[in-house]
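Below: the structure, in structure tokens.
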Amino acid sequence: MQDIINGRCGWCGTDELYVKYHDQEWGKLVTDDKTLFEFLVLEGAQAGLSWITILRKREGYRKAFCNFDAGLVAQMTDEDVERLMQFDGIVKNRLKIKSTITNARLFLGLQKEFGSFYEYTLSFFPDRKPIINTFRSLSEIPVSSPESDAMSKDMKKRGFKFFGTTICYAHLQASGFINDHLADCFCRKG
């Protein structure tokens, strides 16, 4: 894979949806808990699949999971799970659907304990500040970090599912707690 394509990180290639996601969302710090919950749901759904697969189903996930309202998702029942197993807009994986509901309940608990999921996430970072890496090649970007290791370990202990260190790292990249835009990417120059 090329490191830089059309002035941006090569992982997004030239797919219009991927390019838009790269340019407008990926690596930009998210402080809003609703958006952080959305990324949590989408990253968990992505486990074992390509990110573009989930990105293409994003609107289906929005519809299936109450516009990413953690409070509403936390109230979903076994009947909702059965309904979603018939819904074509998402990946029909029973364990992932159930884990989204469980994770919503746990997410609400973290908000209560820390004031916000944003504050919880910052608690894993040195000086409570996002990390900006200066990688020049896609091959330099790791799949995990000490922060993702610690955060996923803590979340697993609390009962979160589909949120190992690799998924956690992807979540931290997507939501801008770790900025891995390559040094030559136009997103770094702006």
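Since we're looking at a predicted model, the values are computed, not measured. Counting from 1, the numbers follow the sequence of the chain as shown.
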CD-CD distance between E82 and E79, expressed to the nearest 0.5 angstrom
8.5 Å
Test item: side-chain donor near acceptor, T100 and N103, under 3.5 Å:
no
Name the orientation class of the two ring planes belonging to W26 and W11 (parallel below 30°, tilted from 30 to 60°, perpendicular beyond 60°).
perpendicular
Do the ring planes of F163 and F160 sit parallel (below 30°), tilted (30 to 60°) or perpendicular (above 60°)?
tilted
Please evaluate residues F114 and Y118 with respect to the criterion ring-ring contact (aromatic ring centres under 6.0 Å, His included), reporting the C-alpha separation (whole Å), side-chain torsions for both, the decisive distance (0.1 Å), and the verdict.
CA-CA 9 Å; F114 288 86; Y118 170 74; over 10 Å; no
Within this structure, what is the SG-CG distance for the pair C168 and D154, rounded to the nearest 0.5 Å?
10.0 Å
Treating Q75 as the side-chain partner and G71 as the backbone partner, does any N or O pair qualify as donor plus acceptor under 3.5 Å?
yes
To the nearest 0.5 Å, how far apart are CZ in F37 and CZ in F65?
8.0 Å
Closest non-hydrogen contact found for A183 with R188 is O-CB, 3.9 Å
So, the side chain of N67 versus the backbone of D69: is there a donor-acceptor pair under 3.5 Å, distance only?
no
Between L36 and S175, the two heavy atoms sitting closest are CD2-CB, 3.6 Å
Is there a side chain to side chain contact (heavy atoms under 4.5 Å, CB included) between F177 and I131? Walk through the geometry before answering.
CA-CA 6 Å; F177 289 91; I131 293 170; over 6 Å; no
With no hydrogens and no angle check, is any side-chain donor or acceptor of D80 less than 3.5 Å from a backbone partner on T77?
yes
Please say yes or no: joined through hydrophobic side-chain contacts below 4.5 Å, possibly via intermediate residues, are M1 and Y21 part of one cluster?
yes
Please determine whether the number of non-hydrogen atoms from other residues, nucleotides or ligands lying under 6.0 Å from atom NZ of K153 exceeds 12.
no
Looking only at non-hydrogen atoms, find the nearest pair between N179 and G27 and report the distance.
ND2-O, 3.8 Å
Give the intermediate values and the outcome of side chain to side chain contact (heavy atoms under 4.5 Å, CB included) for residues W51 and E43.
CA-CA 8 Å; W51 180 239; E43 294 292 351; 3.8 Å; yes
Please check if atom NZ in K92 has more than 12 non-hydrogen atoms from other residues, nucleotides or ligands closer than 6.0 Å.
yes
Looking only at heavy atoms, which two atoms of G176 and P130 are closest? And how far apart?
O-CB, 3.7 Å
Could you go through the side chain to side chain contact (heavy atoms under 4.5 Å, CB included) check for I167 and M155 one step at a time?
CA-CA 12 Å; I167 290 174; M155 289 175 76; over 6 Å; no
When rounded to the nearest 0.5 angstrom, what is the spacing between SG in C12 and NZ in K20?
14.0 Å
Residues in side-chain hydrogen bond (donor to acceptor under 3.5 Å, both in side chains) with D15, at least two apart?
R56
Quick one: side-chain contact (heavy atoms from CB on, under 4.5 Å) partners of R105, sequence neighbours excluded?
A74, I101
Tell me whether E119 contacts the main-chain N or O of S116 through its side chain, where contact means a donor paired with an acceptor under 3.5 Å.
no
Before giving the answer on side chain to side chain contact (heavy atoms under 4.5 Å, CB included), spell out for K161 and K98 the whole-Å C-alpha distance, their side-chain angles and the decisive distance to 0.1 Å.
CA-CA 9 Å; K161 305 281 186 233; K98 289 180 96 155; over 6 Å; no
Consider only side-chain heavy atoms of I, L, V, M, F, W and Y, link residues closer than 4.5 Å, and tell whether F124 and I132 are in one cluster.
no
F125 and L29: same hydrophobic cluster, using ILVMFWY side-chain contacts below 4.5 Å?
yes
So CD1 of I54 and CG of L49: to nearest 0.5 Å the spacing works out to 5.0 Å
Tell me whether the count of non-hydrogen atoms from other residues, nucleotides or ligands lying under 6.0 Å of CD in E16 goes above 12.
no
Distance-minimising heavy-atom pair for L84 and M76
CD1-CE, 3.6 Å
Using a 3.5 Å distance criterion without hydrogens, assess whether the side chain of S148 forms a donor-acceptor pair with backbone atoms of S144.
no
Does NZ belonging to K156 count more than 12 external heavy atoms closer than 6.0 Å?
no
Could you grab the distance from atom CG of L182 to atom CG of L138, nearest 0.5 Å is fine?
5.0 Å
Exercise: identify the closest heavy-atom pair between D180 and Q173
OD2-NE2, 2.9 Å
In the single-linkage hydrophobic clustering (I, L, V, M, F, W, Y; side-chain heavy atoms under 4.5 Å), do L42 and L110 co-cluster?
yes
My understanding is that only one of T14, D23, D184 makes a side chain to side chain donor-acceptor pair (under 3.5 Å) with R8; could you say which?
D23
Side-chain heavy-atom pair F162, Q46 within 4.5 angstrom cut-off
no
H171 and F117 aromatic ring geometry - parallel, tilted or perpendicular at 30°/60° bounds
perpendicular
Considering only heavy atoms from C-beta outward, does the side chain of F135 approach that of P142 to under 4.5 Å?
yes
Report yes if some heavy atom in the side chain of R136 is under 4.5 Å from a heavy atom in the side chain of D3; otherwise report no.
no
Side-chain donor/acceptor of K96 to backbone N/O of A47, under 3.5 Å:
yes
May I ask whether L17 and V91 are part of the same hydrophobic cluster, defined by side-chain heavy atoms of I, L, V, M, F, W, Y residues being less than 4.5 angstrom apart, directly or through others?
yes
